[in-house]
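Numbers restart at 1 for each chain; the letters A, B, ... are given by sequence-line order, proteins then strands.
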Amino acid sequence: MTIRTRFAPSPTGYLHIGGVRTALFNWLLTRRHGGTFVLRIDDTDAERNRPEALQPILDGFHWLGIDWDEGPEVGGPCGPYVQSQRQHLYVEAALKLIDSGHAYPDYKSADEISAERKEAEKAKRNYIYRGAHRSTPPAECRRLYDAQRTVIRLKVPEGKPIVINDLICGKVEVQPELVGDSVILRADGRALYNFATVVDDVAMKITHIVRAKEHLSNTPVQVLAYEALNYPVPQFAHVPVVNAPKSKEKLSKRKMKQFMTDDVVQRLRAAHAVPPDWTDEQIKNSEDLNPATVAFYRVLGYLPAALVNYFGRLGWSLDDKTEIMPLATMIENFSLERVNDSPASFDPDKLLWMAGEYMKQLPIDDKVAGVIPFLRRANLIGDEVDDALRRKIRKVIEACGDRLKVYSDVYLYASFLFRDPEYDPKAVKQRLHKDGIREHLTAFADVLKTIEPFEPAVLEEKLKEYCDARQFKLGDLNHALRVATTGVMVGVSVFDGLAILGRDETLRRIGTALGLNM
RNA sequence: GCCCCCAUCGUCUAGUGGCCUAGGACAUAGCCCUCUCAAGGCUAAGACAGGGGUUCGAGUCCCCUUGGGGGCACCA
């Protein structure tokens, strides 16, 4: 039997990290077994559905390299893959259930029910709803419904427990008297999630439903729907939710706000990932560029392979040691048995570490190609990249070395190589206002005029010579050179930096720095 | 309130009754390297929620307690 799985996001405008992890598990399982992965858009709730909200989700998957065999863009034999276009199927199925005695129309108003529910809550009684027509004969139910449309409810059969054999949670039993007769179709014919998803999963021949644990409580109703429709119940695997960092609560945008640091805001601005007139506060409250979304990591220049590896390891493990593994290894070895039973907290620190590991392994040419869009967006380079510029970028990347964990790190370490320094007053005060620095900087500038070739190793040698001869602390002059030429205290090696700047530019900047009145 | 699920270092995890004096990774701290920042090397600190069973033997199986999470919709 070949397996068929699906991921069914609702179009919210962004791809959430928790969703990606679930999608990834589905995808890995499917690729492992050579099955078919279906992407379906669950937009039954019109209020949540914005037409432009789908593309960011598809973009996110494309970027991560998670592809689907059937769904939007690619089509397939079970389409359409958008629930709003399948409404007639849900109506059809619901009517079938009325005729077979598994469902009934219900005329009690939502207000009345919620009032009863509130009352029950107040009295600390459990509220399980059963509609008036649950014992009305099917033909009569149908006559009533045809005469006056209303909501249709699924009739929960009493007597035997509902059993779910979950691939991750094991056997879960629920007593039917604890499950209310839930609405499957609204009066206007729109289906509810619990019903639409079953009808679609049946129509799309889904064999394995891998989804977040929060759906486990919905599952009994869905199982009843399968049984009522007389379809085989698929395999369920409820994966534990992803929690917020160092937290026991589900990951949410609000919980991630603390990771919108000033550094992040600066990078987002530099990359022009947000409108220039936004305030810091607006950026920090952004809906789609939030540390709980995939797009956030994309605009900061995380490598997609690192995200896939990280999320693949969140809640699943290969063995007792392996952290970094090629995608092929993950696919070959993925199994639901090794998915943890308990929730896992998302750890941005570990993700960043992993991003660095992937960046280290990336061939230099790929790094150059990858960093160019980031330089461009920040206006550090223009649209044209000629050979000379490409060589320079290559040198910059080499100089950055392992400092570059994500592409936006280039802003931090190497911006000065593409534009004039922005002198940080603190750096100037600390490094340029020391005793003797001005004199030595001036004198060493004369040395720089004669250095040949103007390359890192030679520069380093000459600086050492200069300092040794005058018994001056090498570090002090070095730091001064850095601040004079870059404006800041952190960056690539001073010698690499000077060599890339070139002699004339280096001397010009030292001159500027010496004239600085800060 | 009711139902369901979960429980190993701060975090991700290994552990499927003896291989466990509980292993690895991130983060943390110290030292080394060093022109800053990274990277790298070495070291340290750090966990079986508690209580009962079962067993020759329990992190591992069972029960209870506690703690946490999710759900109880004409949301998905």
Give Val488(A) one of three labels, base, sugar-phosphate or nothing, depending on what nucleic acid heavy atoms sit under 4.0 Å from its own. nothing

Taking atom C1' of rG24(B) as reference, at what distance in whole Å does atom CG of Asp319(A) sit? 9 Å

Glu323(A) (side chain) and rG24(B) (base): donor-acceptor pair under 3.5 Å: yes

Expressed in whole Å, how much space separates the P atoms belonging to rG57(B) and rU43(B)? 38 Å

Pairing partner of rU34(B) (Watson-Crick or G-U wobble, both distances under 3.5 Å): none

C1' atom, rA47(B) versus rC4(B): distance in rounded Å? 28 Å

Assign each of Ser345(A) and Leu412(A) to its nearest nucleotide of RNA chain B by heavy atoms, then name whichever residue's nucleotide is nearer the 5' end. Ser345(A)

Answer with base, sugar-phosphate or nothing: what part of the nucleic acid does Glu249(A) contact at a heavy-atom distance below 4.0 Å? sugar-phosphate

Nearest-angstrom distance, P atom, rC12(B) to rG69(B): 14 Å

Ala344(A) near the nucleic acid: base, sugar-phosphate alone, or nothing, with a heavy-atom cut-off under 4.0 Å? sugar-phosphate

Thinking salt bridges, do Lys155(A) and Asp181(A) make one under a 4.0 Å N-O criterion? no

Assign Gly475(A) to base, sugar-phosphate, or nothing according to its heavy-atom contacts below 4.0 angstrom with the strands shown. nothing

For the CG atom on Asp435(A), are there more than 12 heavy atoms of other groups (residues, nucleotides or ligands in this structure) within a distance under 6.0 Å? no

When you measure from the side chain of Leu314(A), which nucleotide among rC12(B), rA39(B), rC35(B) comes out closest? rC12(B)

Using both distances under 3.5 Å as the test, list the Watson-Crick or G-U wobble partner of rU60(B), or none. none

So does Lys350(A) reach the base of rA27(B) with its side chain, donor to acceptor, closer than 3.5 Å? no

Assign Phe495(A) to base, sugar-phosphate, or nothing according to its heavy-atom contacts below 4.0 angstrom with the strands shown. base

Looking at Tyr411(A) and Phe374(A), would you say the former's side chain and the latter's main chain have a donor-acceptor pair under 3.5 Å? yes

Given the structure, check if the side chain of Ser217(A) and the base of rC3(B) hold any donor-acceptor pair shorter than 3.5 Å. no

Tell me if the side-chain of Arg338(A) makes a donor-acceptor pair with the base of rU16(B), cut-off 3.5 Å, by modelled atom types. no

With heavy-atom distances below 4.5 Å as the criterion, would you say the side chains of Leu501(A) and Leu417(A) are in contact? yes

Expressed in whole Å, how much space separates the C1' atoms belonging to rA22(B) and rG46(B)? 13 Å

Write down the partner of rC20(B) under the Watson-Crick or G-U wobble criteria, each distance required to be under 3.5 Å. none

Can you tell which of rG68(B), rC6(B), rA39(B) lies closest to the side chain of Lys248(A)? rG68(B)

If you measure from the P atom in rA14(B) to the same atom in rA76(B), how many Å do you get, rounded? 35 Å

Contact class for Ser317(A) (heavy atom, under 4.0 Å): base, sugar-phosphate, or nothing? sugar-phosphate

Is there a Watson-Crick or G-U wobble partner for rA45(B) with both distances under 3.5 Å, and which nucleotide is it? none

Is His215(A) stacked on the base of rA76(B), meaning ring centres closer than 5.5 Å and planes within 30 degrees of each other? yes

What's Tyr310(A) touching, base or sugar-phosphate or nothing? Going by heavy atoms closer than 4.0 Å. nothing

Among rC6(B), rG70(B), rC2(B), find the nucleotide with the atom closest to the side chain of Asn126(A). rC2(B)

Reckon Gly315(A) touches a base, only the sugar-phosphate, or nothing at all at heavy-atom distances under 4.0 Å? sugar-phosphate

Has the side chain of Lys213(A) got a donor or acceptor that lies under 3.5 Å from a partner of the other kind on the base of rC5(B)? no

Residue pair Val172(A)/Asn478(A) against RNA chain B: nearer the 5' end by closest nucleotide is Val172(A)

Indicate, yes or no, whether a donor-acceptor pair under 3.5 Å links the base of rA76(B) to the side chain of Asn218(A). yes

C1' atoms of rC37(B) and rC33(B), separation to the nearest Å: 14 Å

Is there a Watson-Crick or G-U wobble partner for rA25(B) with both distances under 3.5 Å, and which nucleotide is it? rU11(B)

Could you tell me how far rG51(B) sits from rA7(B) if I compare only their C1' atoms? Round to whole Å. 15 Å

Lys/Arg-Asp/Glu bridge criterion (N-O < 4.0 Å) met for Arg267(A), Asp409(A): yes

Using distance only, find each side-chain donor-acceptor pair of residues 351-361 of chain A under 3.5 Å and give its atom names and separation, not counting sequence neighbours.
| from | atom 1 | to | atom 2 | distance (Å) |
| --- | --- | --- | --- | --- |
| Trp353(A) | NE1 | Glu357(A) | OE2 | 3.4 |
| Glu357(A) | OE2 | Lys360(A) | NZ | 3.0 |
| Tyr358(A) | OH | Asn309(A) | OD1 | 2.5 |
| Tyr358(A) | OH | Met325(A) | O | 3.1 |

Span that lies between the P atom of rG10(B) and that of rA45(B), in whole angstrom: 15 Å

Ion pair check, Asp188(A) and Arg190(A), cut-off under 4.0 Å: yes

Nearest to the side chain of Glu357(A) - rC6(B), rU13(B), rG40(B)? rG40(B)

For rA38(B), does either OP1 or OP2 sit under 4.0 Å from a side-chain N or O belonging to Lys360(A)? no

Which part of the nucleic acid, if any, lies within reach of Lys473(A) when heavy atoms closer than 4.0 Å are counted: base, sugar-phosphate only, or nothing? nothing

Are any of Asn340(A)'s side-chain N or O atoms less than 4.0 Å away from OP1 or OP2 of rC6(B)? no

Would you say Arg313(A) reaches rU13(B)'s phosphate, i.e. side-chain N/O to OP1/OP2 under 4.0 Å? no

Contacts of type side chain to side chain contact (heavy atoms under 4.5 Å, CB included), residue Glu119(A), not counting sequence neighbours: none

